[in-house]
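Structure first, commentary second.
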Protein chains: 2
Amino acid sequence: MASRTIENYLKQLWLLEHAVRKPTSGAGRSTGNFVTMGQLSESMGVTPGTTTTMVKAMADAGLARYTPRAGVRLTRAGEKLALHVLRRHRLVELFLVEILAIDWAHAHEEAEELEHVISDTVLLAIDRLLGHPSADPHGDPIPSEAGMPEIQNASNLAEMKGGTEAVIVRIMDQSREFLTFARQNGLVPRAAITIAHINPGAGAMLVHPRGHSPVSVSLAVAAKFMISTKSTEESKTAHRPVAKRRAHRKPSPDA
Amino acid sequence: MASRTIENYLKQLWLLEHAVRKPTSGAGRSTGNFVTMGQLSESMGVTPGTTTTMVKAMADAGLARYTPRAGVRLTRAGEKLALHVLRRHRLVELFLVEILAIDWAHAHEEAEELEHVISDTVLLAIDRLLGHPSADPHGDPIPSEAGMPEIQNASNLAEMKGGTEAVIVRIMDQSREFLTFARQNGLVPRAAITIAHINPGAGAMLVHPRGHSPVSVSLAVAAKFMISTKSTEESKTAHRPVAKRRAHRKPSPDA
DNA sequence: GTGTTGAGTTTGATTGATCAAATGAAATCG
DNA sequence: CGATTTCATTTGATCAATCAAACTCAACAC
Ligand SMILES: [Mn+2]
Ligand SMILES: [Mn+2]
Ligand SMILES: [Mn+2]
Ligand SMILES: [Mn+2]
């Protein structure tokens, strides 16, 4: 039904609606915020006029509500489709990394294409092969058929106090450089870490990932890691241990 | 470079150029025959006018030589691209059947989309995972980077004499019904068979696939199986034994 | 040879996605 | 408030792929 272009707009729209405004403010989820035309055209890499055209088309298709000169917002139908695309994207991404040993960064670009071409049959097979995973290689949650899972009880590393032991569950910055840094220092999803100590004056903390050397990171950088502590550990999300991943190199944006 | 539409035209063109005119005439390969506009538009499922337009575009792109009112033929560049698409198609098809256990017939339709979206990186990973296979699930040869492998020393089942022992290497009819019949009777690629006896008067032969009941097939049907006999066995093509395939059901056309 | 026919080509239109440039509305600043 | 800046919408084009319908060849039939 929806063209692959529309699928891309929908997915991006969902991500923008649920984007955390201040990166340090933690899980600012909820039920979909307004998105301005500027944001959308910017992140889709098209001219504003194109966005207006496409948004109107989505509105006509019942996928979005559009208020001229104000912004857009997905309808329930639009959100459903968006999440389906996101599910395909993230499952494919994990599949590429786990099964085909494709480079972490590269996987995103591949998935960007594959997400539009994976049938339900193949998606099911991939999901089965991976053991019904709940998160992609960056720890981003994989929407189920039912929708996006409620955000896990994850905390922000930057807000923890010294001595805390935790497990990294998600990386909020997917830029090439950042992911390279993170991987090289053992700061990857599922890694167990200890907060060695904090130096508020310097605006930095010393993090010790098990099996790696301690790393000193600024609080700004720390804020890019979502972690799960002992207390939040008993959430229901099935944390199936995936086969070890390898060959992470350059990261990549969103989704 | 070439759009996915062009890729489809190129692939189809290659298949038409190398189509065996009389199905029973065996390996009628060689270096690319003329294709009429009618054949192409027919098999692409578009109107003749569309074909003319697209063929001109391909000619402009240096992918085909076009003689108005006569026909088309791939250039070397066109053939190279066509074979690359075919390689992706067939590797993906095998991948779907072997790794994801997707239904045999369904796999073709999936591959028809995926073939346009698989990067070299992913293709390489798939090829490695499958152990550099030389044939797809129907026994159709998988082109290498270098081009289409020279046709194996395969013979046509219809031309064999009683008592012959052989291995099925390829199935030339990919229609739903035919493949269903073939699978149900154990007449699949790599199956060892014996020609129990021949009844020329009835225009039929009795074929005995190892581990299955003997089947009586007409010579016309027999002609759809390419086989390899003891003598032709020592060809160089690496016949790596693939994990057993399962869940074959409805087949599908070409490629 | 002139007519009929069938295959192939042209022409004109359409659809989806896009841009550049012109225009319009709103917010902000002095 | 009025002017300027910013953001968004319109308008007019373009490009790829397609169709329907009109037209043109060339072969074959008499
Ligand atoms: Mn995409
Ligand atoms: Mn991701
Ligand atoms: Mn295709
Ligand atoms: Mn095939």
Side-chain angles (χ1 to χ4, degrees), chain A residues 1-14 16-17 19 21 33-74 77-78 81-82 85 112-113 115-117, chain B residues 1-14 16-17 19 21 33-74 77-78 81-82 85 112-113 115-117:
Chain A
M1 286 278 83
S3 69
R4 82 188 46 203
T5 305
I6 297 285
E7 285 191 348
N8 282 330
Y9 277 88
L10 290 174
K11 187 183 59 158
Q12 193 57 46
L13 212 32
W14 193 92
L16 288 171
E17 281 189 2
R21 272 142 305 285
N33 299 85
F34 238 77
V35 175
T36 68
M37 303 306 274
Q39 287 175 300
L40 188 53
S41 67
E42 160 78 23
S43 60
M44 290 303 292
V46 297
T47 59
T50 302
T51 306
T52 302
T53 309
M54 295 308 295
V55 164
K56 279 179 180 172
M58 289 188 275
D60 285 355
L63 298 169
R65 235 169 316 109
Y66 165 50
T67 316
R69 285 192 143 100
V72 219
R73 193 196 273 248
L74 291 170
L81 226 177
V85 177
E112 201 56 54
E113 291 299 311
E115 67 189 356
H116 308 292
V117 153
Chain B
M1 286 276 82
S3 68
R4 81 189 47 205
T5 305
I6 296 285
E7 286 191 348
N8 281 330
Y9 278 87
L10 290 173
K11 188 183 57 159
Q12 193 57 45
L13 211 33
W14 192 93
L16 288 171
E17 281 189 3
R21 274 141 304 286
N33 299 84
F34 239 77
V35 175
T36 67
M37 303 306 275
Q39 289 175 299
L40 189 53
S41 66
E42 161 77 22
S43 62
M44 288 304 293
V46 298
T47 60
T50 301
T51 307
T52 302
T53 308
M54 294 309 294
V55 164
K56 280 179 180 173
M58 288 188 275
D60 285 354
L63 298 170
R65 234 169 316 110
Y66 165 50
T67 317
R69 292 202 134 93
V72 219
R73 192 196 272 251
L74 290 171
L81 226 178
V85 177
E112 201 56 55
E113 291 299 312
E115 68 189 354
H116 308 293
V117 153

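Atoms considered below: every heavy atom in the structure, side chains included; atoms not considered: hydrogens, waters and symmetry mates. Sequence lines set the chain letters: A, B, ... in the order given, protein chains first and strands last, and positions in each chain run from 1.
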Rounded to whole Å, CE of Met58(B) lies from P of dT18(D) at a distance of 11 Å
Mind calculating the distance between CG (Asp60(B)) and P (dA17(D)) to the nearest angstrom?
-> 13 Å
For Gln39(B) and dG8(C), give me the distance from atom CD to atom P, rounded to whole Å.
-> 9 Å
CE on Met54(B) to OG1 on Thr51(B), rounded to 0.5 Å | 9.0 Å
Mind checking the CG-CZ spacing from Leu74(A) to Arg65(A)? Nearest 0.5 Å is all I need.
-> 9.0 Å
Could you state the interatomic distance from CE (Met37(B)) to OH (Tyr66(B)), rounded to the nearest 0.5 Å?
-> 4.5 Å
Could you check how far CE of Met44(B) sits from P of dA16(D), rounded to whole Å?
-> 17 Å
Return the nearest nucleotide to the side chain of Thr53(A); candidates are dT9(C), dT9(D), dT18(C).
-> dT18(C)
List the protein contact pattern of nucleotides 20-26 of chain D with one symbol per nucleotide (5' to 3'): B for base contact, S for sugar-phosphate-only contact, - for none; contact means a heavy-atom distance under 4.0 Å.
-> S---BS-
Could you walk me through whether His116(B) and Lys11(B) pass the side-chain contact (heavy atoms from CB on, under 4.5 Å) check?
-> CA-CA 11 Å; His116(B) 308 293; Lys11(B) 188 183 57 159; 5.9 Å; no
Could you give the CG-to-P distance, from Leu40(A) to dA17(C), as a whole number of Å?
-> 14 Å
Met37(A) CE to dT10(D) C1', in whole Å, measures 13 Å
Classify the nucleic acid contact of Thr51(A) as base, sugar-phosphate or nothing, counting any heavy atom under 4.0 Å across all strands shown.
-> nothing
Nearest-angstrom distance from the residue atom CG of Leu63(A) to C1' of dG16(C) = 15 Å
Stretch residues 2-12 of chain A: residues that reach within less than 4.0 Å of DNA chain D through a heavy atom | none
Interatomic distance, CG@Asn8(A) vs CE@Met44(A), rounded to 0.5 Å, equals 5.0 Å
Supply the atom-to-atom distance Glu115(B) CD to Arg4(B) CZ, rounded to the nearest 0.5 angstrom.
-> 9.5 Å
Residue Pro48(B), side-chain heavy atoms: nucleotide from dT10(D), dG8(C), dT9(C) that is nearest = dT9(C)
Side-chain N or O of Lys56(B) less than 4.0 angstrom from OP1 or OP2 on dT9(C)?
-> no
side-chain contact (heavy atoms from CB on, under 4.5 Å) evaluation trace for Val46(B) with Tyr9(B) = CA-CA 11 Å; Val46(B) 298; Tyr9(B) 278 87; 3.6 Å; yes
Compare the minimum distances between each of dT18(C), dT9(D), dT9(C) and the side chain of Met54(A), then state the nucleotide with the smallest one.
-> dT18(C)
Under a 4.5 Å cut-off applied to non-hydrogen side-chain atoms, are Val85(A) and Leu10(A) in contact?
-> no
One should read off an interatomic distance between Leu40(B) CG and Met58(B) CE, to the nearest 0.5 angstrom, of 6.0 Å
